[in-house]
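Here the structure is laid out as structure tokens; the discussion comes afterwards.
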2 protein chains.
Amino acid sequence: MGTRIDDLAEECTVEAALEVIGGKWKLVILRHLLEGTKRFGELDKALPGITPRMLTRQLRELESDGLVLRTVYPQVPPKVEYSVTEIGESLRAITDQLEQWGRAYREREHTRRW
Amino acid sequence: MGTRIDDLAEECTVEAALEVIGGKWKLVILRHLLEGTKRFGELDKALPGITPRMLTRQLRELESDGLVLRTVYPQVPPKVEYSVTEIGESLRAITDQLEQWGRAYREREHTRRW
DNA sequence: CTCACGGCTATACATTTTGATAGTACGGGT
DNA sequence: ACCCGTACTATCAAAATGTATAGCCGTGAG
């Protein structure tokens with residue numbers, strides 16, 4: 001008994017986490033940045049189908065959530081670099097786990113016979 | 001070099017995984033079912049704010065993706081039980097990881113001073 | 001003068017997801 | 001005849017998310 005409150009807290013934790021890394025692009029962007037610092041244009045090319053509008057939005061959200069760092073170089077033409085923060089780096093465990101699960105899932109689906 | 005194709009494949013893996021467990025409710029529902037078999041009404045009560053419509057939809061999707069099992073007992077009043085399949089069970093690693101990360105993230109946000 | 005570069009931003013629109021509200025089906029109890 | 005409980009289902013509306021298309025900024029090359 002008495003685990004209700006804990007359960008609820010855990011649930012909120014997960015929900016909160018999902019608000020930060022949920023959505024179609026967030027984790028995919030993070031995965032690219034986990035490979036190293038990238039510029040806007042590089043990300044744009046690396047993400048087939050994303051519009052600059054979306055990319056900007058997602059990056060700004062990630063930035064304000066403290067997951068990525070945005071560095072502007074006052075040059076012309078402009079140069080902006082994006083990199084993961086320490087917290088962003090700690091997401092590697094999740095993306096790895098997710099990828100591992102995704103692989104296993106695909107295997108299963110392939111040989112499925114429930 | 002030559003890692004482009006692999007990267008792309010990994011990315012698709014993650015995206016595919018997100019299609020199955022993405023969204024506002026899926027993982028939260030799974031978390032409840034990972035605690036044990038539950039009935040529709042129980043889930044409804046356990047998920048504050050979800051509408052029966054949403055709950056039904058999400059459960060059906062999870063079912064058709066092979067993550068949960070739906071068992072109907074031909075009684076009146078009706079009784080339907082939901083439980084995780086073996087694949088669903090394998091998601092525990094992810095929900096745990098996510099919760100762990102969420103906790104750490106909250107800590108960070110709390111004491112933030114970038 | 002004009003155009004290109006890089007990183008956006010503006011505007012308008014389409015699609016997808018989520019929500020509120022109410023109703024259905026079924027047999028059993030009163 | 002009427003209501004109850006259980007698990008939905010239908011209809012409509014709103015909100016979140018995504019897309020298409022075009023343009024801005026300043027400077028240096030042509």
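Values in this document were obtained by computation on a predicted structure and should not be read as measured data. So that the names make sense, note that chain A is the first sequence line, chain B the second, and so on, each numbered from 1.
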Please enumerate all residues that pass salt bridge (charged side-chain N to carboxylate O under 4.0 Å, His left out) together with Glu42(A), with sequence neighbours excluded. none
In short, Leu69(A) meets Thr85(A) closest at the heavy-atom pair N-CG2, 4.0 Å
Side chain to side chain contact (heavy atoms under 4.5 Å, CB included) between Leu33(B) and Leu43(B), intermediate numbers included: CA-CA 9 Å; Leu33(B) 293 182; Leu43(B) 288 171; 4.0 Å; yes
Validation: residues 73-84 of chain A side-chain donor-acceptor distances under 3.5 Å, sequence neighbours left out:
| unit_1 | atom_1 | unit_2 | atom_2 | d |
| --- | --- | --- | --- | --- |
| Tyr73(A) | OH | Glu81(A) | OE1 | 3.1 |
| Tyr82(A) | OH | Arg70(A) | NE | 3.2 |

Heavy atoms, side chains only, cut-off 4.5 Å: are Leu91(A) and Ile21(A) in contact? yes
Do Tyr105(A) and Ser90(B) come within less than 4.5 Å of each other through their side chains, counting heavy atoms only? no
Could you state the interatomic distance from CD (Gln58(B)) to CD1 (Ile50(B)), rounded to the nearest 0.5 Å? 6.0 Å
Students should find that the nucleotides of DNA chain D closing off the region near chain A, any atom under 4.0 angstrom from a heavy atom, are dG18(D) to dT27(D)
Go through the steps to decide whether Leu18(B) and Leu98(A) satisfy the test side chain to side chain contact (heavy atoms under 4.5 Å, CB included), and finish with yes or no. CA-CA 8 Å; Leu18(B) 286 177; Leu98(A) 204 53; 3.8 Å; yes
Among residues at least two apart in sequence or on other chains, which ones pass ring pair (Phe, Tyr, Trp, His ring centres under 6.0 Å) with Trp25(A)? none
Overall bend of the helix from dC1(C)-dG30(D) to dT30(C)-dA1(D) (five pairs an end, 10° steps) is 40°
Can you pull every protein N or O that's under 3.5 Å from an N or O on nucleotides 3-9 of chain C?
| unit_1 | atom_1 | unit_2 | atom_2 | d |
| --- | --- | --- | --- | --- |
| dG6(C) | O3' | Arg39(A) | NH2 | 3.0 |
| dG6(C) | O3' | Pro78(A) | O | 3.2 |
| dG7(C) | OP1 | Arg39(A) | NE | 2.9 |
| dG7(C) | OP1 | Arg39(A) | NH2 | 2.9 |
| dG7(C) | OP2 | Gly41(A) | N | 3.1 |
| dC8(C) | OP1 | Arg60(A) | NH2 | 2.9 |
| dC8(C) | OP1 | Arg70(A) | NH2 | 2.5 |
| dC8(C) | OP2 | Tyr82(A) | OH | 2.5 |
| dT9(C) | OP1 | Arg60(A) | NH1 | 3.4 |

Is any side-chain N of the basic residue among Glu61(A) and Lys26(A) closer than 4.0 Å to the acidic one's carboxylate O? yes
Gap between atoms CG and P, on Leu55(B) and dT17(C) respectively (whole Å): 17 Å
From CD of Glu61(B) across to C1' of dT16(C) the rounded distance in Å is 11 Å
